[in-house]
Structures are given as structure tokens and as C-alpha cells.
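Convention: sequence-line order gives letters A, B, ...; per-chain numbering from 1. Everything numeric in this text was worked out from a predicted model, so none of it was measured.
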Protein chains: 2
Amino acid sequence: MDIQYAILGILSWQSLSGYDIKKVISDSDVFYWSGNNNQIYNNLIALHKNGLVTQEIIYQESLPAKKIYSITETGQQALRNWLLSNPDLPEIHNDFLIQLSWADLLSADEIDDLLARYEEEIGVQLKMKQIQNVRQVAPSRTARERYLWRMIAENMSAAYQRELEWVRQVREGLRQEKFIEERNEDGNGNNN
Amino acid sequence: MDIQYAILGILSWQSLSGYDIKKVISDSDVFYWSGNNNQIYNNLIALHKNGLVTQEIIYQESLPAKKIYSITETGQQALRNWLLSNPDLPEIHNDFLIQLSWADLLSADEIDDLLARYEEEIGVQLKMKQIQNVRQVAPSRTARERYLWRMIAENMSAAYQRELEWVRQVREGLRQEKFIEERNEDGNGNNN
DNA sequence: CTTGTCATGTAAGAGGTTACATGATTCG
DNA sequence: CGAATCATGTAACCTCTTACATGACAAG
């Protein structure tokens with residue numbers, strides 16, 4: 001998708017400077033971009049050129065001037081149209097699964113160690129998400145909006161929760177050698 | 001991560017041409033790249049230059065010549081080192097959650113329609129994954145390897161399954177106006 | 001005395017995507 | 001007769017990332 005819609009969305013919540021938009025994006029997991037300057041500032045310029053946002057320069061003493069961006073009527077309409085457009089499927093890039101694909105090259109202990117490290121990392125991440133969910137800054141204009149943001153946060157916690165359960169299940173299955181039962185005649189000779 | 005490890009992994013399973021590696025990657029959800037020519041062929045050249053794979057040219061009558069790549073000892077060692085390296089967290093890019101972030105701009109019916117379309121798409125995808133899991137081509141050199149690949153496939157099915165449950169829960173919550181209970185005094189006036 | 005914050009911007013590059021080109025063959 | 005398969009390769013482009021640059025001020 002286009003990061004411009006994410007920026008438009010944020011500006012539909014609050015008028016902000018590029019610097020502040022960058023912070024919102026960097027701190028968020030939903031807005032999954034790194035929030036680097038290049039992208040934010042260039043896209044703000046593009047949005048401005050197309051009349052989707054307006055720019056107000058605020059001069060400050062002893063601090064650099066800042067440009068506060070606000071969404072326009074056109075911008076709001078563009079955002080609305082995008083909100084109504086067909087949802088895309090989530091894109092999941094799980095490098096660990098690729099690692100696991102070839103993990104049969106490793107010993108039983110090495111695989112379990114790898115899985116243990118993954119479990120640990122997922123566990124840490126899950127705890128961080130749960131803390132973050134409590135103290136996050138979120139738009140809270142209506143009860144419905146609060147509900148939506150709560151469900152979005154829960155979505156991500158639940159994803160890690162499920163991943164944790166899965167990795168535990170995989171380890172358990174390996175420990176109990178669940179895979180032995182379905183032996184076949186093939187042996188392990190291969191024509192490599 | 002580096003797609004080169006994915007390619008090395010595939011070659012540790014079978015010696016293949018670039019064309020066939022492309023097919024493996026395109027058809028797979030675990031190997032999440034599009035599998036475009038540029039990437040595959042250039043990376044094979046790089047792997048070859050670094051001595052991680054060897055190349056054997058097969059001339060065919062009435063079909064274009066093909067280059068069969070095989071993994072070398074060095075390549076196998078590089079793959080093994082990567083397999084033992086620290087797992088990365090999954091990267092989830094769920095554009096729908098961004099859409100939902102600003103969905104409070106929509107009417108109740110519009111939000112439900114959006115969620116319904118998402119539910120539909122996830123449902124379709126889930127069914128496709130489940131069919132794919134049965135008829136997929138996978139390395140099957142040991143019982144353990146079959147187990148790992150089964151668990152990887154299950155991981156992805158379960159991710160969609162959970163997403164489906166989540167979206168149904170969100171819709172149900174909106175229908176029952178679960179968000180009303182926690183009204184606050186803020187009203188909906190904001191300083192935009 | 002260095003590091004971090006505020007605030008904008010530029011530069012360079014990695015990584016990935018779609019599209020095009022070739023040319024024989026096979027399938028509907 | 002047009003489209004897909006086999007098989008490799010090139011070109012153009014877009015997105016996103018890290019790193020650098022400025023300069024004043026505050027905090028440890």
C-alpha cells in the first residue's frame with residue numbers, strides 16, 4: 001500500500017509536523033515502516049503538491065522552524081475512498097520458517113536450541129506488546145474509535161500469542177518424536 | 001534476510017535450474033518473494049562467483065539450454081551457519097489494520113461491510129492454504145523433515161485461522177456495541 | 001563534555017517489482 | 001491461431017533503509 005494513506009490518516013487525527021509524524025510511525029507496530037526522514041518528508045511534499053494537505057510554518061525562538069501539516073477536504077475525501085477500498089491480505093515475512101525449512105540439516109539439540117531462541121524472542125516481544133497496549137497514545141475521539149484501536153492492538157498481541165503456542169507445540173512434538181510414527185520406506189538416500 | 005539463503009536451502013534439497021528455483025519460490029508462501037527473474041538469476045550468479053554453488057550447462061534439443069545449479073561444500077557450510085544464527089522476528093505488514101485505524105470516519109454499515117470483505121478474503125485464503133498443504137511438493141528425506149514442513153504449513157494456516165476468528169470477534173463486538181459501555185466525558189470535539 | 005532532542009533536509013544504495021526480449025514447441 | 005511452457009536474460013523503476021548534514025539547546 002501507499003504510506004501516503006497512513007500519513008493522511010494520522011493527519012486526520014491531528015495536525016502534525018513531519019518530525020512528529022515520523023515519531024508516530026516509528027513508535028507504532030501497525031504503521032510498520034521505519035519512519036525514516038526521506039520517506040516522510042518527500043511524501044508530505046507530494047501530498048502538499050496534490051492539495052491533500054496544507055502546510056503552516058511555525059517559527060520558534062531558539063528552536064528550528066517547523067511545518068505543521070493539516071489535511072484538506074480533498075485529502076479527507078481521498079482518505080475516505082481508500083478506507084472504503086478492498087482490503088489487502090496481510091503480508092507475513094517469517095524468516096524463521098525458512099530457517100526451519102532446512103533445519104533437518106541440524107542435530108536434534110541444535111534444532112531445539114534454535115526453537116528455544118525463537119520462543120524466547122517471541123515471548124519478549126509479546127510482553128512488550130502487552131505493555132505497549134496499555135500506555136500507547138491513540139486517537140480517542142469516540143468510544144467506537146477506542147474500541148477499534150483496542151482490537152487492533154489485540155490482533156497483534158494475539159498473533160504473537162499464537163506464534164508462541166505454535167513454537168511450543170513444535171518443540172513438544174520433536175521431544176516426543178511425534179514424527180517417528182509415520183515412517184516411510186524411502187530411507188534417507190537422495191540424489192543430490 | 002538474504003534470499004541467497006533461501007536459494008541455498010532449495011539447492012540443498014535438489015539441484016535445480018534458475019527457472020525451477022523461480023517456480024519453487026513463486027509457488028511457496030514460506031519463501032515469500034515474488035520469484036522474479038532478476039533476483040533469482042542475479043543471485044545465482046553471485047552465489048556461483050562466491051563458490052557456494054556450481055553450474056552445469058545442459059544442452060537440449062528443441063528446448064533452450066539450462067543451467068543446473070548444485071550446492072558446494074562451502075555452500076552447505078554457509079547454509080548451516082545461517083541455520084544456527086539467531087532467528088529474526090516475523091515481519092507482519094497488515095494494511096487492513098491501518099485501514100481499520102481510521103475506520104471511525106465511516107458509518108457503522110460501511111465498517112461492517114469492510115470487515116465482511118476482509119473476512120471473506122481471509123476465509124478464501126485459509127481454504128487455499130489448507131488445500132495447498134495437502135498437495136504441496138516438499139522435501140521428504142526423513143520423517144523429521146516431513147514433520148517440520150507439516151508444522152510450517154500449519155503455522156500459516158493457523159495464522160489465517162486466528163485472523164478469521166479475530167475479524168469475526170470485531171464484527172460481533174461492533175454489532176453488540178460493546179464499545180458503548182466504556183463511554184467517557186470527552187465527547188467528540190477535537191482541536192483539529 | 002558528550003549525548004539527546006528538536007526539526008528539516010539530502011545522498012547513496014539495497015532490495016524488490018513489473019515488463020520486455022528471444023525462440024522453439026505444445027496445447028486447446 | 002493464439003496462448004502457455006521452457007529457459008535465460010535485461011531494463012526501468014519504485015520503495016524503503018541507513019547514514020550524513022546543520023545548529024541551537026538541555027541534561028547527565
Side-chain angles (χ1 to χ4, degrees), chain A residues 1-7 10-11 14-50 53 55-69 88-89 91-93 95 98, chain B residues 1-8 10-11 14-50 53 55-70 88-89 91-93 95 98:
Chain A
M1 73 161 257
D2 206 340
I3 195 177
Q4 294 200 5
Y5 290 113
I7 294 174
I10 294 167
L11 290 178
Q14 281 187 314
S15 293
L16 290 173
S17 66
Y19 187 80
D20 286 323
I21 294 172
K22 174 196 163 96
K23 276 203 285 186
V24 171
I25 291 179
S26 305
D27 296 351
S28 166
D29 288 306
V30 186
F31 310 120
Y32 49 78
W33 297 272
S34 77
N36 67 91
N37 296 351
N38 209 325
Q39 228 178 347
I40 310 284
Y41 289 120
N42 282 335
N43 277 294
L44 280 170
I45 288 165
L47 286 168
H48 188 230
K49 211 179 68 184
N50 294 327
V53 302
Q55 195 188 60
E56 191 195 356
I57 301 175
I58 311 270
Y59 297 96
Q60 308 172 99
E61 39 171 336
S62 86
L63 270 182
K66 58 175 159 184
K67 300 178 180 170
I68 303 291
Y69 290 91
D88 287 322
L89 288 168
E91 275 177 46
I92 302 170
H93 291 185
D95 293 347
I98 302 180
Chain B
M1 71 162 261
D2 206 339
I3 195 177
Q4 294 200 6
Y5 290 113
I7 295 175
L8 273 185
I10 293 167
L11 291 178
Q14 282 186 313
S15 293
L16 290 173
S17 66
Y19 187 81
D20 285 323
I21 294 172
K22 174 197 164 96
K23 276 201 286 185
V24 170
I25 291 179
S26 306
D27 296 350
S28 165
D29 289 305
V30 186
F31 309 120
Y32 49 77
W33 297 271
S34 78
N36 67 89
N37 295 352
N38 209 327
Q39 229 178 347
I40 310 283
Y41 289 119
N42 282 334
N43 277 294
L44 279 171
I45 289 165
L47 286 168
H48 188 230
K49 211 179 68 184
N50 294 327
V53 302
Q55 195 187 60
E56 190 195 356
I57 301 175
I58 311 270
Y59 297 95
Q60 308 172 97
E61 41 171 334
S62 87
L63 269 182
K66 58 175 159 183
K67 301 176 179 171
I68 303 290
Y69 291 91
S70 304
D88 288 322
L89 288 168
E91 276 176 45
I92 303 169
H93 292 186
D95 292 347
I98 302 180

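- The side chain of B:Lys67 places an N or O atom within less than 4.0 Å of a non-bridging phosphate oxygen (OP1 or OP2) of D:dG9.
- Taking a 4.0 Å limit (strictly below) on heavy-atom distances, residues 26-50 of chain A reaches DNA chain C at A:Asn37, A:Asn38, A:Tyr41.
- If you measure from atom CG of A:Asp2 to atom P of D:dC16, you get 8 Å, rounded to the nearest angstrom.
- Looking at heavy atoms from C-beta onward, B:Leu8 lies in side-chain contact with B:Val53 at the 4.5 angstrom threshold.
- Rounded to whole Å, the distance from CD on A:Gln55 to C1' on C:dG9 is 13 Å.
- An end-to-end axis angle of 40° holds for the helix from C:dC1-D:dG28 to C:dG28-D:dC1, taken from five base pairs per end and rounded to 10°.
- Residues B:Tyr19 and B:Lys66 are not in side-chain contact: their nearest non-hydrogen atoms beyond the backbone lie 4.5 Å or more apart.
- If you take NE2 on A:His93 and CG on B:Leu89, they are separated by 15.0 Å, rounding to the nearest 0.5 Å.
- Protein atom CD1 of A:Ile57 is 17 Å distant from nucleotide atom C1' of C:dC6, rounded to whole Å.
- Here C:dT8 presents its C1' atom at 15 Å from CG of A:Leu16, a figure rounded to the nearest Å.
- Applying the 4.0 Å criterion to OP1 and OP2 of C:dT5, one finds that A:Lys23 has every side-chain N and O outside that range.
- For the OP1/OP2 pair of C:dT8 and a distance below 4.0 Å, the side-chain nitrogens and oxygens of A:Tyr19 include no atom meeting the criterion.
- Distance CD1 (A:Ile21) to P (C:dC6): 15 Å, rounded to an integer number of Å.
- Note that the OH atom of B:Tyr41 and the OG atom of B:Ser17 stand 6.5 Å from one another [nearest 0.5 Å].
- Going from atom OH of B:Tyr59 over to atom C1' of D:dC6 covers 17 Å, rounded to whole Å.
- Residue A:Gln60 has no polar side-chain atom (N or O) positioned under 4.0 Å from OP1 or OP2 of C:dC6.
- Taking atom CD1 of residue A:Ile3 and atom P of nucleotide D:dC14, one finds them 17 Å apart after rounding to whole Å.
- Here the OG-NE2 distance, from B:Ser70 to B:His48, works out to 10.0 Å after rounding to the nearest 0.5 Å.
- Protein atom CG of A:Asp20 is 12 Å distant from nucleotide atom C1' of C:dT5, rounded to whole Å.
- Here the rule is side-chain hydrogen bond (donor to acceptor under 3.5 Å, both in side chains) with A:Tyr69, and of A:Gln55, A:Gln14, A:Glu56 only A:Gln55 fits it.
- Taking side-chain N and O atoms only, B:Ser17 has a distance below 4.0 Å to OP1 or OP2 of D:dT8.
- With hydrogens and angles ignored, the 3.5 Å screen pairs no side-chain donor or acceptor of B:Ser28 with any backbone N or O of B:Val24.
- With contacts defined as side-chain heavy-atom distances shorter than 4.5 Å, the pair A:Ile25/A:Ile10 qualifies.
- You'll find the side chain of A:Phe31 reaches within 4.5 Å of the side chain of B:Ile98, heavy atoms only.
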